[in-house]
Amino acid sequence: MNKIAICMLATLALLTVSCDKKKDAAATPNSDKKLSLGEQPIFKVSNTTETIAIDGKMDESSWSKTESRTFDYIYNVEKPTDKQKTTFRMLWDKENLYLFYEFEDKYLTARETKHDGKPFFDDCGEIFIIPVPDSLDTHFGFELNMYKASNDFVFFNNYYKGNDFALKTFNPDFSSGVTYNGTINDNSDIDKGWTLELKIPIATFGFLGEIVPVQKGNKWAFLAIRQDRNEVEGERRITSTLFPIYDISKDVHQANRFGLMEFIE
């Protein structure tokens with residue numbers, strides 16, 4: 001049995017864990033209650049019939065027709081320059097999910113070059129996906145910096161004795177494209193920003209992606225994240241998210257706060 005098969009079986013086992021469906025009618029900061037079905041915020045993902053070139057550019061007309069939304073939830077802000085705009089878009093077709101991030105960024109920063117390293121300590125775009133419309137305790141993760149150094153994993157919340165674990169043997173075949181306007185790791189000037197484009201084959205999720213197929217009207221749970229690093233030295237980051245994380249001290253792996261992507265025409 002190969003590593004991917006083992007990963008999928010382990011994930012399926014976690015997906016069978018029952019979820020609390022009680023209403024969380026008054027979600028407040030620092031609440032760790034799950035969001036019930038029907039409560040999650042929804043992001044519309046348009047279908048495309050175009051061939052999407054994964055080059056970090058939005059040359060295809062489909063990108064202008066799908067929903068775009070900014071990351072309005074920004075955490076760990078210490079300086080006026082920490083609040084920088086991020087715009088996010090998604091598309092789908094029968095075989096792939098497509099993601100596009102536009103990052104306004106005055107200080108482009110990247111150091112990680114290795115696969116499964118720590119791109120999340122750089123300027124980094126992230127996507128966490130649960131291929132069903134529920135806040136389960138397992139999700140697929142993809143994290144990339146400007147060097148396209150990726151950290152991909154299956155994440156298990158509260159796997160054993162309150163500890164979380166990431167399965168790094170999950171090594172999916174996906175495509176990425178990056179552009180940037182500025183100079184990396186040089187804060188002597190002011191940069192403009194960078195883009196990140198991803199193509200994630202639906203086959204990446206194996207049979208878990210078939211439980212709720214990618215088709216019109218269906219929904220998957222997810223969270224899109226930005227890590228924004230504005231100093232070359234140290235590890236200080238500003239985190240921003242598409243949907244709100246109520247207790248950022250617990251990091252961003254809070255599946256109980258994921259929203260939904262809804263597949264539309």
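With no hydrogens or angles considered, no side-chain donor-acceptor pair links H115 and N151 at under 3.5 Å. A side-chain N or O of T179 and one of T195 form a donor-acceptor pair less than 3.5 Å apart. There is no side-chain donor-acceptor pair under 3.5 Å between R89 and T66. N157 and D137 are not linked by any side-chain donor-acceptor pair at a separation below 3.5 angstrom, with hydrogens and angles left out of the test. Remark: the T183 side chain and the D189 side chain contain an N/O donor-acceptor pair separated by less than 3.5 Å.
Residue G117 comes nearest to F120 through the heavy atom pair O-CE2, 3.9 Å, listed as atom of the first residue, atom of the second, then distance. P41 and L35 make their closest contact through CD-CD1, 4.4 Å (heavy atoms, listed as atom of the first residue, atom of the second, distance). For S176 against K148, the heavy-atom pair with the smallest separation is OG-CD, 3.2 Å. Across every non-hydrogen atom of D191 and G182, the tightest pair is OD1-CA, 3.2 Å. Residue D186 comes nearest to S188 through the heavy atom pair OD1-OG, 2.5 Å, listed as atom of the first residue, atom of the second, then distance.
Using a distance-only test at 3.5 Å, with no hydrogens or angles considered, no donor-acceptor pair links the side chain of N218 to the main chain of V214. N158 places no side-chain N or O within 3.5 Å of a backbone atom of D164 that could act as its donor or acceptor partner. Between the side chain of Q40 and the backbone N or O of G259, no donor-acceptor pair lies under 3.5 Å. Remark: side-chain polar atoms of D122 are not paired, donor with acceptor, to backbone N or O of T109 under 3.5 angstrom. With E60 contributing its side chain and E50 its backbone, the two residues share no donor-acceptor pair below 3.5 Å. Judged by distance alone, with hydrogens and angles left aside, the side-chain atoms of Y101 form no donor-acceptor pair with the main-chain N or O of A224 at under 3.5 Å.
Ring to ring, F88 and F43 are close: their centroids are under 6.0 angstrom apart. Between F222 and F243, the ring centre distance stays below 6.0 Å. Between F100 and W63, the gap from one ring centroid to the other is short of 6.0 Å. The aromatic ring centres of F205 and W220 sit less than 6.0 Å apart. Residues F170 and F140 bring their aromatic ring centres within 6.0 Å. Under the 6.0 Å cut-off for aromatic ring centres, H253 and F156 do not qualify, their centroids lying 6.0 Å or more apart.
Contact check on D105 versus R226 returns a salt bridge, with a Lys/Arg side-chain nitrogen under 4.0 Å from an Asp/Glu carboxylate oxygen. The pair K44-E262 meets the salt-bridge criterion, since a charged nitrogen lies less than 4.0 angstrom from a carboxylate oxygen. Under the 4.0 Å criterion applied to side-chain N and carboxylate O atoms, R69 and E67 are assigned as salt-bridge partners. Between D59 and K57, none of the side-chain N atoms (NZ, or NE/NH1/NH2) sits under 4.0 Å from a carboxylate O, so this pair counts as no salt bridge. Look at E143 and K118 and you find no salt bridge, because none of the NZ, NE, NH1 or NH2 atoms lies under 4.0 Å from a carboxylate O.
Counting heavy atoms from C-beta on, the side chains of T241 and L223 come closer than 4.5 Å. For the pair V212 and F263, the minimum side-chain heavy-atom distance is 4.5 Å or more. A heavy-atom distance below 4.5 Å is found between the side chains of Y107 and I190. Here the side chains of D123 and W194 are in contact, with some heavy-atom distance below 4.5 Å. Within the 4.5 Å cutoff, the side chain of Q84 has no heavy atoms near those of the F103 side chain.
Judged as a side-chain contact (heavy atoms from CB on, under 4.5 Å), and not counting sequence neighbours, the contacts of K83 are I74, V77. Contacts of N76 classified as side-chain contact (heavy atoms from CB on, under 4.5 Å), with partners at least two apart in sequence or in another chain: T239, I248.
Within the model, atoms CD1 of I225 and CG of D251 stand 9.5 Å from one another, a figure rounded to the nearest 0.5 Å.
Between Y75 and the options I238, D247, I245, a side-chain contact (heavy atoms from CB on, under 4.5 Å) holds for only I245.
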